[in-house]
Structures are given as structure tokens and as C-alpha cells.
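Working notes, beginning with the structure itself.
We name chains A, B, ... by the order of the sequence lines, and we start the count at 1 in each one.
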Amino acid sequence: AQGHGAKGDNIYEFQIEFLEPVEPKPVCRVTQRQLNITVQKKESNWWERLTKQEKRPLFLAPDFDRWLDESDAEMELKEKEEEKINKMKIESRVPKDPFKHLKKGYLVMYNLVQFLGFSWIFVNMTVRLFILGKSFYDTFHTIADMMYFCQTLAFMEIMNSLIGLVKSPLIPAVVQVFGRNFILFVVLGSLEEMQSKPVVFFIFYFWSIIELFRYPYYMLSCIGIEWKPLTWLRYTTWIPLYPLGGLAEAVCIIQSIPIFSETGKYSLGLPNPLNVTIQFSFLLQIYLIALFLGVFVNFRHLYKQRKQHLGPKKRKMK
Amino acid sequence: FASYQVEILDWKTKKQLCFLDKVEPNATIREIRLMFHKLYPRWYPARQSIKLDPKGKSLRDEEILQHLPVGTTATLYFKDLGPQIGWTTVFLIEYTGPLFIYFLFYFRMPFVYGLDERFTSSPHPVVNLACICHSFHYIKRLIETVFVHRFSHGTMPLRNIVKNCLYYWGFAAWLAYYINHPLYTPPSYGKKQINFAVIMFLLCEAGNFSIHVALSDLRRNGSKTRKIPYPTKNPFTWLFFFVSCPNYTYEVGTWISFTIMTQCAPVGLFTLLCFIQMTIWAKDKHCTYLREFKDYPSLRMPIIPFLL
């Protein structure tokens with residue numbers, strides 16, 4: 001503050017540490033002999049004393065016009081709380097979204113269908129391999145149609161996130177759907193030679209196990225039921241399965257690179273009107289790097305999510 | 001009147017780095033930077049970020065100590081910006097690279113297209129034209145850097161130059177490779193396409209140059225204050241009626257014309273990336289203009305008239 005003191009005009013300032021936060025703009029009134037500064041508490045509650053330090057500065061005193069005893073202060077606080085609770089009760093009685101049940105029904109159906117699809121895949125693969133003793137090599141031949149169906153349907157997940165039907169973020173959904181469908185339709189689907197490789201079995205198996213837990217969990221959470229063991233499984237089984245799935249996809253790409261180089265599929269050579277060369281095998285190598293980075297980043301994200309859901313006890317359910 | 005005392009603390013550790021006694025109240029931050037530099041020779045003034053608040057903005061050189069909200073003992077915070085390099089130096093390096101790299105491909109150095117094709121020349125006249133245009137563009141940029149541009153900041157961090165050079169030089173090599181390739185295919189619509197592209201190229205280059213000259217005239221006497229640019233008698237500057245950053249508009253136009261001239265996908269990709277980057281810069285500049293000047297013309301858009 002600017003003032004005319006014994007030494008002439010000067011700028012004065014001082015600092016006080018109050019016990020608890022105060023409103024930032026104090027009211028200053030200058031009189032002939034003194035400067036009055038009124039400071040307001042940020043939150044209206046009882047303070048044991050005015051300042052952080054034990055001794056109160058002599059020039060600092062509470063405004064006795066507004067003085068409330070400790071008990072009075074508590075009563076005032078209780079009254080305010082009750083008002084707030086009443087307000088909230090009235091607000092929650094306002095009718096919500098009329099389509100809510102329709103939306104929930106659709107989501108439950110979607111998750112159910114996906115769950116059934118992937119269970120079929122999983123059971124089929126398990127039976128065929130372990131019980132019937134059929135080889136790895138014809139996995140694609142028997143399973144592909146169902147997998148095409150389930151993964152094509154998975155585009156709906158992007159739509160759900162996009163239009164806000166589901167609270168989960170858009171980008172991870174896009175990355176997962178496009179990542180998987182790239183492997184399925186482009187790398188495996190268009191190359192006959194890749195379809196009879198054993199890595200296909202592992203890719204399909206890992207994908208289906210993860211989904212076996214993910215879809216039922218979503219289905220139940222739509223209805224509002226939480227089955228604790230399922231929650232635990234959904235947020236734990238990805239720890240071994242997700243990296244393994246990524247590894248299987250990487251092996252698949254590495255095996256496909258020489259085939260794309262040889263056949264020149266999806267590649268463009270000179271001369272052409274666009275004056276550019278596209279080597280699909282080179283793009284696949286870049287994709288491989290992106291895949292490792294993506295798995296790494298997503299792993300951290302899923303781990304954080306796990307801590308949120310399985311961590312401290314929550315009264316409300318996600 | 002009393003002299004000030006200035007103490008400078010590290011912005012992170014809050015350790016006292018120096019204590020300056022008997023500082024003149026009308027000392028500028030520039031002078032304080034010089035004094036700090038004497039004590040710490042490796043932190044030259046361009047590298048020093050001096051602030052009032054550890055998380056705040058850096059103070060400008062022209063600020064005067066007694067006009068700052070400090071008491072007679074001022075506490076300032078220092079942050080090391082890392083090794084700096086002058087803007088002029090950066091631009092010279094950035095633009096000379098593509099110029100000479102293109103020539104490596106145009107003259108078909110042996111290591112580029114193999115020994116059989118070494119030092120041959122293309123049967124297509126458009127390839128020669130493309131070389132002339134590309135070189136003209138970068139020579140023009142070099143001339144502007146030396147004689148025309150007036151930079152508001154003196155320096156930028158050193159790691160920027162690696163990033164920028166990689167980008168400009170890399171793309172120059174990539175697009176030069178395809179344009180000068182023995183198997184290059186000239187544009188589908190032949191002479192009509194090429195002539196149209198050349199005219200558009202020349203117009204955009206002239207426009208871009210006019211805008212740079214107009215902007216540089218705003219800061220004729222070395223002042224660093226910002227002023228609103230207005231259209232002049234030069235018809236190319238009339239784009240200022242519609243756009244805040246016509247230099248970027250013309251630049252994108254130049255690259256679009258080059259894409260049409262060469263009909264080369266890598267050039268198209270480079271044009272797209274340029275467009276995206278310049279739109280970001282233009283929007284930024286536009287927002288700064290709007291914030292600083294209350295009477296800024298409302299018809300103007302950042303980079304494309306009426307649209308963007």
C-alpha cells in the first residue's frame with residue numbers, strides 16, 4: 001500500500017500466515033492515523049486461533065460484530081448442510097433420459113452377442129485341439145467366419161463411444177478395433193499362405209480369452225450388477241494375456257513381411273502416375289514398431305485402470 | 001533515491017545463485033542478464049530466462065526494474081533455456097540443405113539411381129522446370145532471411161535445429177528422388193497442367209514476397225512492438241483484407257502449385273503437412289492479434305478467407 005509516513009511517501013507491505021485459507025482480496029480503509037484491513041475466511045468454520053504461529057500479532061483481532069461461539073458456529077454449519085441435502089433430493093427427482101432403458105437393452109444385447117461369439121470360438125478351439133487332437137494348422141479355416149463376424153461387429157464399439165452411449169474413451173477403442181482388424185483382414189485374410197500358420201491359433205485363442213471376461217463384465221455393469229470375482233478376472237487376466245496377444249500379432253507380422261515383399265501385394269512400383277513407391281513390407285515394419293509402443297502405452301493405461309477399479313473400497317459401483 | 005538489491009534464485013531448487021547489490025532502479029532486465037552472465041560465463045544472456053514467479057513467463061529485456069511489482073529487495077527466478085542458436089543461423093542452415101540436396105538428385109549422382117543412370121538427364125522438360133522452381137523457392141527464402149525478415153525473438157533452443165533440419169532436408173530428399181527418377185511420369189494433363197502450375201507458382205511466390213516485405217516495413221526502426229498489418233498499394237497485399245497471415249496462405253499456394261506441376265504424391269504429402277503446420281501457426285497469430293488489439297478487423301480469418 002502507498003502511504004505517507006515518517007520517512008515520506010513509501011510503499012509498505014507485510015505478510016501474515018493465517019491458520020486456514022482466506023479470501024484473496026482484503027478490504028483496506030485508510031484513516032488519518034491508521035490503515036484498517038479486513039480479511040475474510042475462505043470457509044466458514046471454527047478456528048482455534050487466528051494465525052499459524054502461536055502468538056497473535058497485537059494489531060490482529062477478530063471482528064466482534066460477527067463473533068460466534070464454537071457451539072453457535074457448529075449449529076450454523078449444520079443448518080447449511082441440511083439445506084444442501086434438501087436441494088439435492090429435489091434435483092434427483094427430476095426425470096432423466098427417456099431412452100435409458102432402450103440404450104441399456106441395446107448395450108446388453110451387444111455385449112451378450114459378442115460374448116456368445118467369442119465363447120463359441122474359445123470352446124471350439126479348445127475342444128478341437130485338446131480333445132479331438134486336430135492340428136494348429138486349420139484353425140483359420142474353421143474359426144475365421146465367426147471371428148470375422150465378431151470383429152466386424154466390434155466396429156459398433158467405436159460407434160458406441162463416439163455417440164456417447166458408453167463412457168469409455170474413444171481412442172483406445174479405435175486403436176484396438178483397427179489394430180485387430182488390420183491383422184485379421186489384411187495380414188491374415190488376404191494371404192492364403194499365412195492362414196495355415198500355427199501363430200493364427202495363438203492369436204485367436206488369446207483374443208477370445210480376453211473377451212470372455214471383458215464382455216460379461218460390461219454386460220453385468222450395464223444392468224448394474226457387480227460380481228466381484230468377475231471384476232477381478234477382467235482386471236487381472238489381461239496382465240499375461242495382453243502382452244502375449246501382442247507378441248503373437250508381432251510374430252504374425254514378421255512372418256508375413258517376406259510374403260508381401262515377394263508377391264508385391266498392396267505395393268506400388270514405378271512408373272506410376274503418382275510418382276511414388278509404396279512398399280507394403282516397409283509399412284509393416286513401421287507398424288511393428290508402433291505395435292510395441294502401443295502395447296507398452298496401453299499396458300500402463302490398463303494398469304492404472306486396474307488400480308482404480310480394484311483399489312480402495314468404493315461405495316458406488318462403476 | 002535508493003538503489004535496489006536483486007537476488008536471483010534457481011526456479012526449481014530456490015537456491016540463491018547470485019546477489020546483486022546497489023542496482024540502479026532504472027536498470028533494465030537486459031543489464032541484469034549481463035551482470036548475471038559475468039558471474040556465470042556459461043549462461044549467456046540469450047540462455048537466461050528471468051522471471052518474477054518460478055512458474056511464470058520470462059521477463060523481456062526492455063523491462064525496467066522499478067516498474068516491476070517488487071520491493072527494494074527484488075527476488076527473481078532463473079531458468080536455463082539450454083544452448084541457443086540465432087534464428088537467422090537456423091533459417092540459413094534449414095534452407096541451404098534442401099537447395100543442394102535437390103541438386104544431388106537432379107544431376108543424378110551415382111549413389112542415387114545407380115551407376116547406369118549416373119549424370120544422365122531427364123527427357124521431360126517438366127523435370128528441369130521443377131528444379132528451377134524448387135531452387136528459386138529456397139533461394140528466395142535465403143534472401144529473405146538475410147535482407148528482409150525482422151525477428152522478434154533473437155534465438156531458439158539448439159535441439160530445434162536438429163528437428164527442423166531432419167524434416168526439411170528429409171522431405172527434400174524424398175521428393176527430389178521421385179521427381180528426378182528415370183522412371184518419372186510427367187503430369188497426366190500435360191502442358192496445360194504444367195503451365196497452369198507455373199503461373200500459380202509465380203503468383204504465390206510474388207505474393208509471399210510482398211507480404212514479407214510489408215511485415216518487415218512494420219518494424220522499420222528496429223522496434224519490437226506488434227502492429228496490425230494493413231493492405232498497401234501492392235495488389236498482392238490485398239489478401240490482408242481477408243486473412244491475418246497471408247504469407248502462410250501464399251506459401252501453401254506455392255506448394256500446391258508445385259504438387260500440380262510435378263504430380264508427385266510425396267510433394268502432396270509435404271504440402272498437406274505444411275498446410276497443417278501453417279494453419280496452427282496462423283490460428284495462434286490470429287488469436288494473439290485479437291487479444292492485443294480491440295479494433296482488429298473482424299472480416300479476417302487466420303489463413304483461408306472466410307473458411308479457416
In this structure, are over 12 heavy atoms from other groups packed under 6.0 Å from A/Phe155 atom CZ?
yes
Just wondering, more than 12 heavy atoms not from A/Phe292 lying within 6.0 Å of its CZ?
no
Is the number of heavy atoms from other residues, nucleotides or ligands within 6.0 Å of OH (A/Tyr303) greater than 12?
no
Does CG in B/Leu307 sit with more than 12 non-hydrogen atoms of other residues, nucleotides or ligands closer than 6.0 Å?
yes
Greater than 12 external heavy atoms within 6.0 Å of A/Phe282's CZ:
no
Candidate polar pairs, chain A side and chain B side, donor-acceptor under 3.5 Å:
unit_1	atom_1	unit_2	atom_2	d
A/Asn272	O	B/Thr185	OG1	3.1
A/Pro273	O	B/Gln263	NE2	3.1
A/Leu274	O	B/Ala265	N	2.8
A/Asn275	OD1	B/Thr185	N	2.8
A/Asn275	ND2	B/Thr185	O	2.8
A/Asn275	ND2	B/Gln263	O	3.0
A/Thr277	N	B/Tyr178	OH	3.3
A/Thr277	OG1	B/Tyr178	OH	2.3

Does B/Phe196 have more than 12 heavy atoms from other residues, nucleotides or ligands lying within 6.0 Å of its CZ?
no
